[in-house]
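One structure is given here, and the rest of the page talks about it.
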2 protein chains.
Amino acid sequence: MAGVTDPTPGLNSEQLGAYFALTEVSSLLQYAVDEHLRSAGDLSYVQFQILARLVHVPGGKLRMTDLADGVVYSRSGLTYQAGLLDKRGLITRSPSPDDERSVIVTVTDAGRDLIARVLPEHAERVRQLLFEPMNGQDLAALSAILGRVREHMRATPPRSAKPRAARGRGN
Amino acid sequence: MAGVTDPTPGLNSEQLGAYFALTEVSSLLQYAVDEHLRSAGDLSYVQFQILARLVHVPGGKLRMTDLADGVVYSRSGLTYQAGLLDKRGLITRSPSPDDERSVIVTVTDAGRDLIARVLPEHAERVRQLLFEPMNGQDLAALSAILGRVREHMRATPPRSAKPRAARGRGN
DNA sequence: TATTGTTATACTCTATAACTATA
DNA sequence: TATAGTTATAGAGTATAACAATA
């Protein structure tokens, strides 16, 4: 490895390799999953995330802000996506009784049906691509490591952090 | 819908958790890295990838097709990005002497300088976000697992695989 | 004054298809 | 006929800023 890859400052070659592997794996996975969601349900990944979140939540209702918090979007981006889902009858939007400023998003039956129809194949793709070459030990290790990294990232605002909503305690 | 997370068909809850963790980690990492590359060098991640690839290759030259093979783009997408880099004087494009159909892309000194200027902080961000919460054992495990998954994914075309270039031996 | 959400707008990126030229 | 690349075009998605309404 001496001649081909010059040492990247701050990362040794093993770290660099792991970084690239992570990048490529998630990129390929994303690509495959996107394609499936679009062809099977005419959904972008973001739309799928929104619906899936709503389906997983008791009552199937969330405020726009809560949704925006989960997905990394700008408010306007979420409004745009919610508009598309609304137009297709997969969600409804109505003002919150508690706080007239807020908008409550609710999955419709059609939205639930769509997720139910799409999810099995989605999961199957993920299983086949990501988990097939792993044994139980691998899975446990990966979970532990990525879980820790996720916590770390959540607590490490990217240097110029706008103090948004109230994210954990990071501020 | 029994409890909070209903079991996703095809994925057990540990797999589901690992999948979400992977998604979120790479998404947050991507976000942070994108932001840095744009503010520090006015580069999108794709443009950075193109330049970095060229810098890493002896001679700093690659054919368009070779570049397109690395990045997942369509040819036209690559042409577009290369056009932007060309316009900024970071690469040059010239017909190949061997094959008049091909275009050889070459990094300019300005391109090298830009990468050299941007790379240290890029690496530092990655190190801080991704590797800080890992010990040597974690890194080794992650590398091994992701490396295996990557091989598996490369060899597993997403069901409707166009027989492109000549990718490994998959097709 | 701060928060929630929408709208208008402008921009980036990506893909498809048609096209040129070389092999 | 197949390959390499460009161009035209059209569409999706995102962010910013201005805005309205409520707390």
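Numbers restart at 1 for each chain; the letters A, B, ... are given by sequence-line order, proteins then strands. Keep in mind that this is a model prediction, so the values were computed, not measured. The figures here come from the full heavy-atom set of this structure, side chains too, leaving out hydrogens, waters and symmetry mates.
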Return no unless some side-chain N or O of R75(A) is found under 4.0 Å from OP1 or OP2 of dT4(C).
-> yes

Quickly work out the M64(A) CE to dA21(D) C1' distance and round it to whole Å.
-> 15 Å

So, does Q47(B) use its side chain to make a donor-acceptor pair with the main chain of S44(B) at under 3.5 Å?
-> yes

Between CZ of F48(A) and P of dG13(D) the distance, given in whole Å, is 16 Å

Is E35(A) salt-bridged to R125(A), going by a charged N under 4.0 Å from an acidic O?
-> yes

When the distance from CG of L43(A) to C1' of dA12(D) is rounded to whole Å, what number comes out?
-> 14 Å

Salt bridge or not for R63(A) and D99(A), using N-O below 4.0 Å?
-> no

What integer distance in Å separates L37(A):CG from dA12(D):C1'?
-> 16 Å

Indicate, with yes or no, if the rings of H122(B) and Y19(A) have centres closer together than 6.0 Å.
-> yes

Distance, rounded to the nearest Å, where L85(B) contributes CG and dT12(C) contributes C1' = 14 Å

Got a second to check how far E24(A)'s CD is from R154(B)'s CZ, nearest 0.5 Å?
-> 4.0 Å

Over how many whole Å does the gap from R88(B) atom CZ to dT12(C) atom P extend?
-> 12 Å

In whole angstroms, how far is the C1' atom of dT14(C) from the CD atom of Q30(A)?
-> 15 Å

At under 4.0 Å between heavy atoms, what does S44(A) touch on the DNA or RNA strands: base, sugar-phosphate, or nothing?
-> sugar-phosphate

With distance as the sole criterion, do the side chain of S76(B) and the base of dT16(C) form a donor-acceptor contact below 3.5 Å?
-> yes

dT12(C) phosphate, OP1 or OP2: any side-chain N/O from Q81(B) under 4.0 angstrom?
-> no

Distance below 4.0 Å between R93(B) side-chain N/O and dT6(D) OP1 or OP2 = yes

Starting at atom OH of Y80(A), determine the distance to atom C1' of dT16(D), rounded to an integer number of angstrom.
-> 17 Å

Of the listed nucleotides dA15(D), dA23(C), dT3(C), the one nearest the side chain of R101(B) = dA23(C)

Using a 4.0 Å heavy-atom cut-off across all strands, classify S102(B) as base, sugar-phosphate, or nothing.
-> sugar-phosphate

Among the nucleotides dT6(D), dA23(C), dA15(D), whichever has the atom closest to the side chain of D99(B) is dA23(C)

Specify the residue among Q47(A) and L78(B) whose closest nucleotide of DNA chain D lies further upstream toward the 5′ end.
-> L78(B)

